[in-house]
Amino acid sequence: IKILFKMSSLPFNTTIFTRIVNDRTPRRELSQEEQDGIVFAFETLDAERTGYVTPRQLKVALRALGFEVKKADVMELLKKHGEGESDFLDFNAFRMLVSDKLQERTQLDEYRRAFQLFDVFGSGAIDAKNLKKVVKNLNLEIQDTDIQEMIREFDLDRDGEINEQEFISIMASADE
């Protein structure tokens, strides 16, 4: 998943989160990055190299991918794909199940997930304090004045913060 939060008024178009959001449409082809992620997840969960993972481990993988799934959701997904009675899933079944969930994601879902990454304190808005923390976590050096300018540029309602809707507008315009 790639997300771009580009600040056009800053020198050299400073980018603080350098990933580009992919268009998410139902039943789309998975990107190579997503396919590689599925392989990585399976191999990580199958630490003993048995060639199998459990439904519980599938739940762990889906949650790591940002899906708020419960045991009942996983059981429903397994049943939907004819794996309802399975105690173990081989790679092909795991790939099919994870792919199914990934294909359900929309671009709006991706924007909302990205917003949560920037809203590090869970306040529902991104302010200068949030951006400073993100900048620090990414080992970037952006001056406080530039961070304030980022907020001013994209704060459409002029409340000193970027709310989720403003963030989605930023992201959607970056895709155009």
Side-chain angles (χ1 to χ4, degrees), residues 1-6 15-126 129-142 164 167-168 170-172 174-175:
I1 298 160
K2 297 180 174 185
I3 302 160
L4 177 71
F5 190 10
K6 189 173 183 180
T15 302
I16 66 170
F17 203 80
T18 55
R19 298 169 120 192
I20 300 169
V21 176
N22 293 326
D23 186 23
R24 305 290 186 193
T25 56
R27 302 299 163 234
R28 64 180 169 72
E29 292 292 319
L30 296 180
S31 69
Q32 188 61 50
E33 181 181 352
E34 289 170 317
Q35 292 175 37
D36 293 345
I38 291 170
V39 171
F40 178 77
F42 185 85
E43 290 175 350
T44 301
L45 293 170
D46 182 24
E48 297 175 4
R49 303 292 180 248
T50 63
Y52 296 94
V53 296
T54 65
R56 183 175 177 272
Q57 290 171 311
L58 171 64
K59 177 183 164 192
V60 169
L62 292 173
R63 291 184 69 83
L65 290 168
F67 294 100
E68 298 293 325
V69 293
K70 296 183 165 88
K71 182 179 179 181
D73 300 322
V74 171
M75 299 316 272
E76 183 179 322
L77 183 63
L78 290 167
K79 187 176 179 180
K80 175 181 170 185
H81 288 281
E83 302 287 340
E85 303 297 320
S86 301
D87 289 333
F88 297 96
L89 303 165
D90 65 11
F91 175 72
N92 289 331
F94 179 85
R95 180 180 58 211
M96 176 180 60
L97 294 164
V98 174
S99 295
D100 185 59
K101 290 301 286 182
L102 288 172
Q103 290 172 332
E104 291 176 4
R105 279 197 178 144
T106 65
Q107 192 170 43
L108 183 59
D109 295 332
E110 294 301 324
Y111 293 157
R112 287 186 171 134
R113 288 185 64 224
F115 178 79
Q116 291 172 354
L117 293 174
F118 281 92
D119 182 16
V120 293
F121 302 110
S123 66
I126 302 166
K129 188 175 178 181
N130 289 99
L131 284 182
K132 285 179 191 179
K133 183 138 180 91
V134 171
V135 165
K136 182 179 178 184
N137 288 343
L138 294 173
N139 294 320
L140 298 174
E141 292 185 26
I142 298 177
E164 186 178 67
F167 184 84
I168 289 170
I170 295 165
M171 300 303 290
D175 281 346

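Predicted, not measured: the structure shown is a model, and the values here were computed from it.
The aromatic ring centroids of F167 and Y111 lie 6.0 Å or more from each other.
When atom types are taken as modelled, the side chain of Q57 and the backbone of T54 share a donor-acceptor pair closer than 3.5 angstrom. Although no hydrogens or angles enter the test, the distance criterion places no donor-acceptor pair under 3.5 Å between the side chain of D90 and the main chain of Y52. Under a 3.5 Å cut-off, the side chain of R95 and the backbone N or O of V39 do not form any donor-acceptor pair. Checking side-chain atoms of R49 against main-chain N and O of E43 turns up a donor-acceptor pair under 3.5 Å. At least one donor-acceptor pair closer than 3.5 Å links the side chain of D109 to the backbone N or O of T106. Judged purely by atom type and a 3.5 angstrom limit, D119 uses its side chain to pair as donor or acceptor with the backbone of G124.
Across all non-hydrogen atoms, the minimal contact from F121 to K129 is CE1-CG, 3.7 Å. Residue L30 comes nearest to Q35 through the heavy atom pair O-NE2, 3.0 Å, listed as atom of the first residue, atom of the second, then distance. For the pair L45 and V60, the tightest heavy-atom approach, listed with the atom from each and the gap, is CD2-CG1, 4.2 Å. Taking each heavy atom of F118 and L131 in turn, the nearest pair found is CD2-CD2, 3.9 Å.
R112 contributes atom CZ, which lies 5.0 Å from atom CD1 of I168 (distance to the nearest 0.5 angstrom). Here OG of S123 is found 5.0 Å from CG of N130. Values are rounded to the nearest 0.5 Å. The distance from atom CZ of R63 to atom NZ of K70, rounded to the nearest 0.5 Å, is 7.5 Å. Taken from CG in N92 to CG in L97, the straight-line distance is 11.0 Å, to the nearest 0.5 Å. Note that the CE atom of M171 and the CD atom of E110 stand 9.5 Å from one another [nearest 0.5 Å].
Between I126 and V134, the closest side-chain pair of non-hydrogen atoms is not below 4.5 Å. The shortest side-chain heavy-atom distance between D87 and P55 does not fall under the 4.5 Å cut-off. Between I38 and F94 the shortest side-chain heavy-atom distance falls below 4.5 Å. Counting heavy atoms from C-beta outward, L58 and L78 have side chains that approach closer than 4.5 Å.
Between E76 and K79, no side-chain nitrogen of the basic residue sits less than 4.0 Å from a carboxylate oxygen of the acidic one, so the salt-bridge criterion is not met. Taking 4.0 Å as the cut-off between side-chain N and carboxylate O, D100 and K80 count as a salt-bridged pair.
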* Decide side-chain contact (heavy atoms from CB on, under 4.5 Å) for L102 and F67; before the verdict, give the C-alpha distance in whole Å, the side-chain angles of both, and the deciding distance to 0.1 Å. => CA-CA 9 Å; L102 288 172; F67 294 100; 4.0 Å; yes
* To do: Decide side-chain contact (heavy atoms from CB on, under 4.5 Å) for D73 and L62; before the verdict, give the C-alpha distance in whole Å, the side-chain angles of both, and the deciding distance to 0.1 Å.
  => CA-CA 10 Å; D73 300 322; L62 292 173; over 6 Å; no
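Between F91 and F42, the ring planes are perpendicular. Angles over 60° get that label, and only those under 30° would be called parallel.
Crowding of E48 atom CD: a count of heavy atoms from other residues, nucleotides or ligands under 6.0 Å not exceeding 12.
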